[in-house]
There are 2 protein chains.
Amino acid sequence: MNDGPYIAEAAALMGDPARANMLSAMLDGRAHTASELAYVAGVSPQTASAHLAKLAQGRMIAVERQGRHRYYRLANEEVARALEALMVLAVKGARRHRPTGPRDEAMRFARTCYDHLAGRLGVGLTQALIEKRYLEQNGDAFHMTREGEAQLAGFGLDIAAARKGRRIFASRCLDWSERTPHIGGALGAALFRELESRCWVTKPSDGRTVTLTKAGRAGLRDWLDLSLG
Amino acid sequence: MNDGPYIAEAAALMGDPARANMLSAMLDGRAHTASELAYVAGVSPQTASAHLAKLAQGRMIAVERQGRHRYYRLANEEVARALEALMVLAVKGARRHRPTGPRDEAMRFARTCYDHLAGRLGVGLTQALIEKRYLEQNGDAFHMTREGEAQLAGFGLDIAAARKGRRIFASRCLDWSERTPHIGGALGAALFRELESRCWVTKPSDGRTVTLTKAGRAGLRDWLDLSLG
DNA sequence: TTCATACTTCGATCATAAACGAAGTATCGA
DNA sequence: TCGATACTTCGTTTATGATCGAAGTATGAA
């Protein structure tokens, strides 16, 4: 089998600016309506509809109908990874200067990646859990230690629930901005949910940047000795 | 900054079947002439020339002139990773049955990934080095232990040389076929070179599949207790 | 029941990019 | 010096896909 045509098929789906805008928006892990996605892609609803059909056919997104609304989200973590891998190339490949704004810095600091935390915060959190020996590295995933299990259960995570299902428990997801991995998988998602429920992090009403609250800063320092500039 | 257009730019370069065929061929780590790449892409030399110019401008490939020949190779490991990430999607996204042939199995068993070993052999080798405590996992890379340094130097690797330069010493490269990482980086490349120089593995005159020789099978069993079916 | 909203489908237009024949340039061997 | 080879550039053709106005379908609120 020659890989080329298959790679091209997957890449071509991401290779249109409108579709890439939509996929990128969906990296926030939320479900989005077709109208919202048309808006972020800057195209008409008819054009958006055609693009979404293609992405669905290529299995990069999943759709859920609720009345007259169609909700779209990324199909799986592999799509997020491929987007991050292409973003690494995009950043590296840039010839012309791409002036960074405050939003860029915010994105580098903390953002969602599908359903878990990315950026300096995501990576810092991951490193802290390793340093505390709550996690160990094991292949393309993390392994939770016995102490880690106790600690994270004590922190409020339903570890048993996170272990259930087919999804990788604690995958490693390469971060385009930090160039080192953050926790993904079911554990990464559960951790993010708990941080949100404690109001240690907040998501804005739209977009992917995540804010670390004062409570979160204090909480992470107390829990993991984690300080971030 | 909105990521979409930049992701699209990188993805679009890979999204043409001819270009994807060329990039995929270059995953073998070799330098290829423009004529060879035209052939594997199934296009005329004029068309190939235009495609190669685009890939070079997008910084996915590097070119080196020798007389009238132009030699092309992948620019860096990040391009290889993005191709592997897209291949993961391509395999996962397939609706129609893609009959696998003996070449597929050979590719799954052992193949080149840029300049290091991928497939069951690459992953098995990596796992064995971890089990022997010659390597430890550390973020998006491997850390070599003191014993590992002795062992791999004893095996013939110039560890000091591998540590020099800007390249990551022992990166982790996600394997599309095994879904778990193999060693990349300077160490991965050095290891592959040493295996070749011992004739434990051989590369065919073209293509990406790698053959594990009888000597290699025996050698890996003796050295690392590694047996592969 | 009617009207508004969300979204899809149809048909047409237009822009873009891949394709290659012909011609050109650079290199190399006889 | 000449002819062959490797590769690039130019110009043209063709196919493809994105785009949206118009119309259609499904859902839901008044």
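Bear in mind the structure is a predicted one, so any value in this text is a computation, not a measurement. Per chain, numbering begins at 1; letters A, B, ... match sequence-line order.
- Within residues 46-53 of chain A, the residues having any heavy atom closer than 4.0 Å to DNA chain C are, in order of number, A:Q46, A:S49.
- A nucleotide of DNA chain D counts as in contact with chain B when one of its atoms lies under 4.0 Å from a heavy atom; the first and last such, 5' to 3', are D:dA4 to D:dT9.
- For the pair B:F169 and B:I159, the minimum side-chain heavy-atom distance is below 4.5 Å.
- Using a 4.0 Å heavy-atom criterion, one finds that B:R65 contacts no nucleic acid atom at all.
- For B:E196, there are no side chain to side chain donor-acceptor pair (under 3.5 Å) partners two or more places apart in sequence or in a different chain.
- A donor-acceptor contact shorter than 3.5 Å is absent between the side chain of A:T33 and the backbone of A:H69.
- Every residue two or more places apart in sequence or in another chain that forms a salt bridge (charged side-chain N to carboxylate O under 4.0 Å, His left out) with A:R198 is listed here: A:E194.
- A side-chain donor-acceptor contact under 3.5 Å links B:N76 to the backbone of B:V79.
- Atoms NE2 (A:H69) and P (C:dA6) sit 6 Å apart, rounded to a whole Å.
- With sequence neighbours left out, the ring pair (Phe, Tyr, Trp, His ring centres under 6.0 Å) criterion links B:H182 to B:H116.
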Checklist entry - Could you go step by step and tell me if A:R120 and A:E105 meet the salt bridge (charged side-chain N to carboxylate O under 4.0 Å, His left out) rule? => result CA-CA 10 Å; A:R120 287 212 301 284; A:E105 181 44 40; 3.1 Å; yes
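- Summarising the geometry, the separation between CG on A:D16 and P on C:dA15 is reported as 17 Å, rounded to the nearest angstrom.
- Among residues two or more places apart in sequence or in another chain, the salt bridge (charged side-chain N to carboxylate O under 4.0 Å, His left out) test is passed with A:E77 by A:R167.
- Using a 4.0 Å heavy-atom cutoff across all strands shown, A:Y72 reaches sugar-phosphate atoms only and no base atom.
- Side-chain N/O atoms of B:K54 include one lying less than 4.0 angstrom from OP1 or OP2 on C:dA18.
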